[in-house]
Amino acid sequence: LRLGIAVAGDEPTGARIGQRVSTVPTTFESFVTPIVDNTQAQEVEVGVEFDTYLPNLERVLSPDLLQVGGAPSSRALIRFPFPSRLRDSAAIVRATLELTPADPVRGLPNDPGSLEVRALTADLGAKSPTDQSSVGAEPLPAGSTGVVEVDIVQLVRLWQGASGRPPALFLQIGPEAASLTEASFGSTRQGTGPRLRVEYLRAFPFERF
């Protein structure tokens, strides 16, 4: 038995249905009457073997923008110059990543995704491993156009020290591959590029005798 559910609308829309691995999986139920003296109907339940979703929207991605989310899911890598005075002897008080959308965030009005920012354990380009324990997150409501600000002070502190992490960040939409949220942010090639605002305290200049 194969079933397909289609959703259509004048604007980007969708529906969320439980998968076989979720807490509310889809099942097929049949009621049968066995040929025995006890003619009470019995229920037969069959689980799902395969389920997935497929959007019918054609994605036009610009290689000059930072694209995140969608299906298949896209990520973006950002590298920052990190001065030695911040790496060696400064105390990072606050760090905020600012991203400017190139167009309104796409998604469902009542099912927003979340922009997740992760630190890298090693900078290997597109295949760089990320630190799953360090993440900054910010909701991305559909249709929003304002600057997105994400608190990443804990991630920037990982860049400090002689053995600090590479000064780079991975952007993705969470839950990854399970959200209809997509966003395009400006880059150094097009639009308003990412900005990292860092507030810090310098080491106290002790007097020398």
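- In this structure, CD1 in Ile92 is found 11.5 Å from CD in Gln154, a value given to the nearest 0.5 Å.
- Here the closest heavy-atom approach between residue Ala122 and residue Pro129 is recorded as O-CD, 3.6 Å.
- Under the side chain to side chain contact (heavy atoms under 4.5 Å, CB included) criterion, Leu1 pairs with Leu3, Phe28, not counting sequence neighbours.
- Annotation for Ala119 and Leu158: closest pair CB-CD1, 4.0 Å, computed over non-hydrogen atoms.
- Among residue pairs with one or both ends in residues 139-148, none qualify as side chain to side chain donor-acceptor pair (under 3.5 Å); sequence neighbours excluded.
- Annotation: side chain to side chain donor-acceptor pair (under 3.5 Å) contacts involving residues 88-103, sequence neighbours excluded, comprise Glu98-Arg197, Asp103-Arg106.
- The side chain to side chain donor-acceptor pair (under 3.5 Å) contacts involving residues 155-169 comprise Asp131-Arg165, where partners must be two or more places apart or lie in separate chains.
- Sorted by first and then second residue, the ring-ring contact (aromatic ring centres under 6.0 Å, His included) pairs with a member in residues 165-199 form an empty list; sequence neighbours excluded.
- The CG atom of Leu169 sits 11.0 Å away from atom OG1 of Thr130, with the distance rounded to the nearest 0.5 Å.
- For the residue pair Pro194 and Gly186, the shortest heavy atom distance occurs at CD-O, 3.5 Å.
- Residues Leu115 and Leu99 form a side-chain contact, since some pair of their non-hydrogen atoms from C-beta on lies under 4.5 Å apart.
- The minimum heavy-atom distance linking Val148 with Pro101 is given by the pair CG2-CG, 4.5 Å.
- Other members of a hydrophobic cluster containing Val135 are absent, since no ILVMFWY side chain comes under 4.5 Å of it, directly or through relayed contacts.
- Checked against salt bridge (Lys or Arg N to Asp or Glu O under 4.0 Å), Glu176 has the following partners two or more places apart in sequence or in another chain: Arg75.
- Residues satisfying the side chain to side chain contact (heavy atoms under 4.5 Å, CB included) test with Ala91, not counting sequence neighbours, are Leu201.
- Going from atom CG of Leu140 over to atom OG1 of Thr181 covers 7.0 Å, rounded to the nearest 0.5 Å.
- Scored by the side chain to side chain contact (heavy atoms under 4.5 Å, CB included) test, Asp151 finds Val153 as partners (sequence neighbours excluded).
- Atom CZ of Arg87 has more than 12 neighbouring heavy atoms from other residues, nucleotides or ligands inside a 6.0 Å radius.
- Within the structure, the ring-ring contact (aromatic ring centres under 6.0 Å, His included) test picks out no pair touching residues 89-133 (sequence neighbours left out).
- Heavy atoms from other residues, nucleotides or ligands lying under 6.0 Å from CG of Leu124 number more than 12.
- The CG atom of Leu171 sits 6.5 Å away from the CG atom of Leu97 when rounded to the nearest 0.5 Å.
- When each of Val68, Leu180, Val105 is paired with Ile173, the side chain to side chain contact (heavy atoms under 4.5 Å, CB included) condition holds for Val68 and for no other.
- Between Leu196 and Ile78, every side-chain heavy-atom pair lies at or beyond the 4.5 Å cut-off.
- Evaluation of the side chain to side chain donor-acceptor pair (under 3.5 Å) test over residues 115-124, restricted to residues two or more places apart or in two chains, returns Arg79-Asp123, Glu116-Arg118, Glu116-Gln172, Arg118-Gln132.
- Considering CG of Leu65 and OG of Ser184, their distance stands at 5.5 Å, rounded to 0.5 Å.
- Every residue meeting the side chain to side chain contact (heavy atoms under 4.5 Å, CB included) condition with Pro83, not counting sequence neighbours, appears here in chain and number order: Arg85, Leu86.
- The same ILVMFWY cluster, assembled from side-chain heavy atoms under 4.5 Å apart, contains both Tyr200 and Leu155.
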